[in-house]
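Below is one structure; the comments refer to it alone.
Naming convention: chains lettered A, B, ... in sequence-line order (proteins, then strands); numbering from 1 in each chain.
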4 protein chains.
Amino acid sequence: MADPRSNGSDLRRAILDRTRRMLVEVGYNNLSMRKIARSVGCSATSIYLHFENKDALLHALIDEGMEQLNASLQEVAASHTDPAERLEALSRSYVDFGLENPEYYEVMFMLHPERMARYPAEKYRRARRNLELFAEALGAGADAEQFDVADPAVAASVLWAALHGAVALLLAQRVDVRFERDAFAETVVRHAIAGFCFQADPV
Amino acid sequence: MADPRSNGSDLRRAILDRTRRMLVEVGYNNLSMRKIARSVGCSATSIYLHFENKDALLHALIDEGMEQLNASLQEVAASHTDPAERLEALSRSYVDFGLENPEYYEVMFMLHPERMARYPAEKYRRARRNLELFAEALGAGADAEQFDVADPAVAASVLWAALHGAVALLLAQRVDVRFERDAFAETVVRHAIAGFCFQADPV
Amino acid sequence: MADPRSNGSDLRRAILDRTRRMLVEVGYNNLSMRKIARSVGCSATSIYLHFENKDALLHALIDEGMEQLNASLQEVAASHTDPAERLEALSRSYVDFGLENPEYYEVMFMLHPERMARYPAEKYRRARRNLELFAEALGAGADAEQFDVADPAVAASVLWAALHGAVALLLAQRVDVRFERDAFAETVVRHAIAGFCFQADPV
Amino acid sequence: MADPRSNGSDLRRAILDRTRRMLVEVGYNNLSMRKIARSVGCSATSIYLHFENKDALLHALIDEGMEQLNASLQEVAASHTDPAERLEALSRSYVDFGLENPEYYEVMFMLHPERMARYPAEKYRRARRNLELFAEALGAGADAEQFDVADPAVAASVLWAALHGAVALLLAQRVDVRFERDAFAETVVRHAIAGFCFQADPV
DNA sequence: GATGAATGAGCGTTCATTCAT
DNA sequence: AATGAATGAACGCTCATTCAT
């Protein structure tokens, strides 16, 4: 308002930012259009000028998060040629993203499925692209006999599950508080990757 | 529905049972005191005679869930002496519990912390007992040089994260639908345990 | 409240009465649950204790109106043996009911059909019973060669249309204000019945 | 939708046309300025450049409807010299107009007066002109001793009531569905006119 | 002449909870 | 121990309208 160059999409931006923040603060169930409006400083009606409805607002948030996560992972993938190193870097990057952007991570991966049912399936493609980066590294590692992996696609999801579980429990503060957060994350990454390595013959 | 001759404690029992059932049927978000009351066959007010409020009711439910999960895991733990076998059986049991009691699992492990703010921290102890079963198996396996594990407590949480991630993603239907559910769960369990095994020397 | 013997259904009664009155005052489109509540002096929520929803409230109003109208007509029908006299008395009674109970009449016969779509078809039976009283008189009159009527059922609806048209226009204040209301109604009744009489041969 | 070269008066025209069409398609209650604007292809704000508010827009529409109905009736009146024939043709024309333009008819004749409070009384004159056409035919018929009519003005309103009642009930789908619509309308017209004819002496 | 942004008021409805009985 | 009546707050959303540009 103060800035004459400000246009309408500033409000859109503000709505997205506040919503993202409020999601972490009050949780999805306690989030309402009115509360968002109050927090942003506009009327509830105004939100509907920028987003068709509550779902569309959350979808937009998911889109942004996916875009950001994907950008991070792409960059990381591009800067590591060795499959094992790449996989480790990708995993760290994923966990870091989750821990550093709890607001995005919650909407993206921790929302109730029923609520996201209407999220256009086509948009999940970007989510799948993330998985493919893991799958490629796993596939390359298998070819180089670094990993004992039968199906890289399945393996990618397995790895994802391990990383997601760690992020989810950490964000929900359900991990023993005596464990240092980053160290725990690091252990998780190493453990998950170790799970794909060839095991020593039992003596 | 409620037997008129039943005493109060029976009503409490009935409320818990119906709530649990409704949780599975209609989901957490669609659960309301009135709906529970209607399903039980008592008045909404009556629920307040047995539970302070909605949160308290859910807490009681979580307690029961934890008890149930704990009972399963205790039984499994008792019937396997070999640490590796025990760990595997515990892991499978945990995943099975989650997949078979989806909405139960959600309330127990996937609800945002802010919702459970009032949930007495002390009650999480029972949750921790579950973790200890895993830690014991891991510790025993380490002693038997089956597992390459430095700190069994941390390792237990790492394993938990992997299992939880898989359950969470499966329940949220975020895992590629082409993967068969049980097979995926099995792969996850094996992978997670493999992550604790000694690795072959790279050639 | 003042009267200790008053029970909950006093509120139900009050809601019905105020709604009926408000319907005439502000019209259907401007009627809201909140306005009703404000007028009654209770909370909007309380209305839902007595009526499932807005439609159900209006349906109840229609029921009452139909009941009353039917009672009037039944009584009138019973007290006239001569078909022509009976028909005339029924017609007058119908018009009188409409003019004296505009609130009821509007909900019963002037509401938009789309709105009343959900009105249980079975309840229209009582409305049909009213028509049958007219049809019986017309049939009897035809048998007595008082009326030139081929199909009493059709004739009853034709008569109804004439009476309804007069009531509707009068209530909507669309009839020339210089015509005295009751005289006009009387003329309408006589004209409508004359329409069923044998006509003189044109000379 | 709107041709960019069109001038303002075209937009006014377009708004009226689309509103009329939408009135038929979605009904009065579901009509909103925004929906009209979307349908016309202009902004909601633009409607206010041509019509003071929603009521004014509807008033303009009523004007047009009255004009149109009046034109039909004028034409019909001009093409029949015999009073009885003319009256019949006018009645049929009126009923046809109502049945063919249902939602139009509703706005013109079935809307509650309180909604049209601001509708300038002077504009009702055109409505009265329609009535006069009926009155003239009735008067001429009385002079020709075709009709037994004391006051043609009153008789015109009585006839109007009968026709309006039929249209209103038919539009509200309150007439027995087993009656064929056009046949019923025809019967109504004949009955209404018969009501003005000299009756045979009772034997 | 035309618009996009914005809003306050209002909608029907559901919620967890309280209170008198 | 149990309930029916009642309520304030909140929900997502739509409305007619205004105003600066």
Here the distance between atom P of F:dA10 and atom CE of C:M33, to the nearest Å, is 21 Å
C:D55 atom CG is separated from E:dT13 atom P, nearest whole Å, by 7 Å
Separation of E:dA5 atom P from A:I47 atom CD1, nearest Å, is 15 Å
In terms of heavy-atom contacts, C:A37 and C:S43 come closest through CB-C, 3.6 Å
So OH of D:Y104 and CZ of D:R21: to nearest 0.5 Å the spacing works out to 11.5 Å
When rounded to whole Å, the CG to P distance for the pair D:N29 and F:dC15 reads 12 Å
Side-chain atoms of C:S43 come closest, of E:dT7, F:dG8, F:dC11, to F:dG8
Check nucleotides 19-21 of chain F against the protein and report each pair of N or O atoms closer than 3.5 Å, with its distance, or say if there are none.
none

C:L11 atom CG is separated from F:dA5 atom C1', nearest whole Å, by 9 Å
B:R12/B:E64 under salt bridge (charged side-chain N to carboxylate O under 4.0 Å, His left out): CA gap, chis, key distance, verdict: CA-CA 13 Å; B:R12 190 191 143 93; B:E64 289 204 343; 5.9 Å; no
Whole-Å distance, C:K54 NZ to E:dT13 P, equals 8 Å
When rounded to whole Å, the CG to C1' distance for the pair D:L57 and F:dC15 reads 15 Å
- Message: Please determine whether side-chain contact (heavy atoms from CB on, under 4.5 Å) holds for the pair C:L61 and C:M108, giving the CA-CA distance in whole Å, both sets of side-chain angles, and the decisive distance to 0.1 Å.
- Response: CA-CA 8 Å; C:L61 228 37; C:M108 288 163 68; over 6 Å; no
Among F:dC13, E:dC15, F:dC15, the one nearest any side-chain atom of A:N53 is F:dC13
When you compare the side chain of A:L57 with that of A:I36, does any pair of heavy atoms fall below 4.5 Å? yes
In short, the helix from E:dA2-F:dT21 to E:dT21-F:dA2 is bent end to end, axes from five pairs each side, to 10°, by 30°
Atom CZ of A:R12 and atom C1' of E:dG4 are separated, to the nearest Å, by 16 Å
The reported gap from CZ in A:R34 to OG1 in A:T45 (rounded to nearest 0.5 angstrom) is 9.0 Å
(Q) Quick check on C:Q68: does its CD atom have over 12 non-hydrogen neighbours (other residues, nucleotides or ligands) under 6.0 Å away? (A) yes
Let's test your reading of the model: under 3.5 Å, does the base of E:dG10 pair with the side chain of C:R34 as donor and acceptor? no
Checking A:E103, A:E106, A:E25 against A:R20 for side chain to side chain donor-acceptor pair (under 3.5 Å), the one that qualifies is A:E103
**Report entry** C:K54 to C:Y28, cation-pi by 6.0 Å centre distance and 45° axis angle
**Finding:** yes
Which of E:dC11, F:dA2, F:dA16 is nearest the side chain of B:H50? It is F:dA2
Assign each of B:K35 and D:S46 the nucleotide of DNA chain E bearing its closest heavy atom; nearer the 5' end lies the nucleotide of D:S46
Of D:L31 and A:Y48, the one whose closest nucleotide on DNA chain F sits nearer the 5' end is A:Y48
